[in-house]
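Read the structure below first, then the notes.
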Amino acid sequence: MLSVLRIFFNAKGTNSWTVLGALVLAGLAEGIGVANLLPLITIMIGADTDASPLSRMLIDTIEAVGLSPEPYVLVSLIVLSITAKAIFTLIAMRHVGYAVAEVATGLRATLVGNLLRGRWSYFVTQPVGRVANAMSNEATRAGRAYQIAAECIADTIQVVVYMIIALLVSWQLTLLALLGGAVVVGLLGFLVRTARKAGLKQTNRTRYMVTYLTDVLNNMKTLKAMARQAAFAAYLDKQIAGLRKALRRQVTSTEALKSFQEILTTVVMGAGLILAIEVSAIPPGELIVMYVVILKLVKNVMRMQRQYQKAVLSESPYHAVEALIAESAAAAENAHGGAPPSFQQGCRLSAVSKSFGEHQVFQNIDLEIPRGEITVLMGPSGTGKTTLADLVLGLQDPDAGEVLIDGTPLSDLDLQSWRRMIGYVSQDLVLFHDSVLMNITLGDPTISEEDVRRALELAGATDFVAALPEGLSTMVGEKGGKLSGGQRQRITLARALAGRPKLLVLDEVTSALDARSEEELCTTLGGLTPELTILAITHRPQLLTIADTVYRVHDGQIAKSPVTTPSARRPGEIETAVATQSSS
Ligand SMILES: Nc1ncnc2c1ncn2[C@@H]1O[C@H](COP(=O)(O)OP(=O)(O)OP(=O)(O)O)[C@@H](O)[C@H]1O
């Protein structure tokens with residue numbers, strides 16, 4: 001029950017105290033209505049109204065407000081009370097309705113915010129499918145969990161109200177009824193536990209399945225090309241079978257609870273009635289009212305248990321989203337200073353060391369990226385070139401040493417402003433499933449169509465974009481699948497240039513281009529300096545022809561490669577440099 005209360009009171013964007021207040025008022029109103037049945041029935045059967053303390057108390061109250069305890073007064077009171085109960089319940093559930101939407105959207109908004117603020121190192125450990133599942137399926141179920149928690153609490157309040165009324169009529173019979181109820185609840189408790197397990201299984205299986213499916217879809221071309229779908233399909237079938245079993249268990253356990261409750265309640269109530277008639281000396285009027293009250297009480301206890309079963313069934317998605325929110329909040333990017341960045345001299349890495357776990361990528365390295373020049377990083381695969389770029393972008397933090405921008409540590413600068421000064425082309429040629437235009441502006445309203453056309457021109461993409469069926473509005477397909485690798489590369493370069501950056505960071509920007517396009521692009525890039533500063537990572541020789549400085553990354557160290565500036569370059573120098581790096 002604690003977990004249900006936690007969901008009810010902790011869910012953000014809800015007005016749980018108002019809901020609780022309205023539910024308590026609804027419970028009280030219903031209590032007054034039902035309690036008035038006692039004097040009504042007592043009068044109707046001509047029994048002594050003084051026989052029960054509750055009956056006497058109600059009649060005294062009615063007389064104290066100047067009314068007489070006539071049947072029409074009592075019936076009117078019952079009608080008024082039940083109407084009030086319905087209105088208060090409606091008020092509570094209207095709030096719950098709003099809250100359900102708030103919980104589902106609030107969880108999503110918090111999760112998105114946390115993920116966007118998260119460290120890159122955290123993000124790369126997160127399967128996309130897990131996040132997608134949390135955003136869609138789990139958040140929706142979590143919103144519903146709030147509603148069920150509220151309904152469960154409403155039922156609990158009603159149980160308490162009926163218990164008080166029953167106690168006022170006969171505490172002995174009430175205790176007997178509660179004992180019977182507790183036996184039924186206890187006997188059927190295993191069905192609640194089964195439902196909880198089935199709910200958890202559904203949540204976990206769905207998460208695994210969506211995560212796995214996302215990976216399969218991302219790699220569909222490779223799987224199809226080599227006809228390797230069979231193993232993946234078998235794994236998915238297994239997960240689907242597990243999910244089917246969990247869903248079947250949920251329905252079976254909820255239906256079984258309902259049916260067993262009905263049987264056991266009838267037995268307990270029957271036994272209780274016989275006991276009351278045979279053993280107790282309760283007057284008939286009171287006995288009828290008592291039966292009505294206790295029947296209601298037991299029914300409410302049973303409904304409360306069914307509602308509780310539903311609540312535990314739906315608590316796992318709520319907790320799953322909460323766990324992801326807490327995890328992503330803890331993985332927020334380190335707080336940086338708020339100093340505005342400038343880029344007049346350039347960027348420098350000073351005595352930087354960086355490890356991933358036990359694996360030391362760099363130890364005490366220095367690197368200069370002077371403003372207005374082209375700095376190229378080369379070296380064998382896996383030696384840390386991308387990690388170096390990530391340090392400059394602030395996506396990774398150094399373990400020791402500093403990244404300095406115009407002499408100021410990056411940790412003192414406003415990181416977002418620094419990144420707004422950068423144009424970045426990543427190694428992955430993945431585009432958004434959207435138009436060419438959207439893929440270039442990334443939704444930034446400050447980038448004009450003029451900026452886009454200029455960027456396309458610089459990236460050598462104007463002609464092929466113009467030839468697309470709908471030009472800039474052409475949809476590029478999933479991950480840009482309707483474009484060739486080279487075309488995607490030009491779009492990503494245009495995207496990097498569209499925001500008129502001060503520093504361009506290019507990770508293997510020519511890898512998908514043919515020799516002629518690569519040469520053309522290098523000429524274009526050479527022409528962008530000195531207005532623009534370029535840090536480029538490459539395995540290919542062409543970029544070296546325009547480089548001012550070439551660094552070779554190797555064995556945790558970085559060294560200036562003996563390649564001179566373009567103007568002083570000797571024949572064969574580039575070929576030697578490339579041969580040295582690929583032989584490492
Ligand atoms: N987030 C990470 N967690 C753990 N290890 C990582 C992470 N990122 C990179 N590495 C490791 O750090 C090393 C350097 O990786 P990096 O991607 O920087 O190499 P690279 O020189 O750019 O390689 P390539 O030329 O193949 O792109 C590799 O051994 C890699 O496995």
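For ligands, and for the atoms within them, numbers begin at 1 and follow the listed sequence. What you see is a predicted model, and the numbers here were worked out from it, not measured in a lab. The basis for the numbers below is simple: all heavy atoms, side chains too, and nothing from hydrogens, waters or symmetry mates. We're numbering straight along the sequence, starting at 1.
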Ile537, Thr538, Thr387: member with heavy atom nearest to atom 15 (O) of ligand 1: Thr387

Shortest protein heavy-atom distance from atom 9 (C) of ligand 1, along with the residue and atom involved: Phe356 CE1, 3.4 Å

Report the nearest protein non-hydrogen atom to atom 26 (O) of ligand 1: residue, atom name, distance rounded to 0.1 Å. Ser381 OG, 2.5 Å

Run Arg454 and Glu450 through salt bridge (Lys or Arg N to Asp or Glu O under 4.0 Å) and show every step you take. CA-CA 6 Å; Arg454 176 186 157 274; Glu450 163 62 24; over 6 Å; no

Run the salt-bridge test on Arg348 and Asp366 with the 4.0 Å N-O cut-off and return the result as yes or no. no

Contact atoms of ligand 1, heavy-atom distance to Val361 under 4.0 Å: 12 (O)

Of all the atoms in ligand 1, which lie at a distance below 4.0 Å from a heavy atom belonging to Lys385? 18 (O), 19 (O), 20 (P), 21 (O), 22 (O), 23 (O), 24 (P), 25 (O)

Taking only non-hydrogen atoms of His539, do any sit less than 4.0 angstrom from ligand 1? yes

Within the 3.5 Å criterion, strictly below it, is a donor on Arg141 or Gln202 matched to an acceptor on the partner's side chain? yes

What is the distance from atom OH of Tyr551 to atom OG1 of Thr375, rounded to the nearest 0.5 Å? 6.5 Å

Out of Pro380, Gly382, Gly357, whose heavy atom sits nearest atom 23 (O) of ligand 1? Gly382

Name the closest protein heavy atom to atom 17 (O) of ligand 1, giving the residue it belongs to and the distance to 0.1 Å. Thr386 CB, 3.6 Å

Relative to ligand 1, is Val124 under 4.0 angstrom through side chain, backbone, both or neither, heavy atoms considered? side chain

Closest approach of any protein heavy atom to atom 19 (O) of ligand 1, naming residue and atom: Gly384 N, 3.3 Å

Which residue and atom name correspond to the protein heavy atom nearest atom 29 (O) of ligand 1, and how close is it? His359 NE2, 3.2 Å

Per-atom contact, atom 31 (O) of ligand 1, protein heavy atoms, under 4.0 angstrom: no

Would you tell me whether Asp406 and Ser342 have side-chain atoms, one donor and one acceptor, within less than 3.5 Å of each other? yes

Would you call Asp444 and Arg495 a salt bridge, taking side-chain N to carboxylate O under 4.0 Å as the test? no

Among non-hydrogen protein atoms, atom 27 (O) of ligand 1 lies closest to Gln427 NE2, 2.8 Å

Judged by non-hydrogen atoms, does Ser121 sit under 4.0 Å from ligand 1? no

Under 4.0 Å between a side-chain nitrogen and a carboxylate oxygen: does that hold for Glu138 and Arg108? no

Test: Glu508 and Arg540 ion pair at under 4.0 Å: no

May I ask you to check whether Gln147 and Arg144 show a side-chain donor-acceptor distance below 3.5 Å? yes

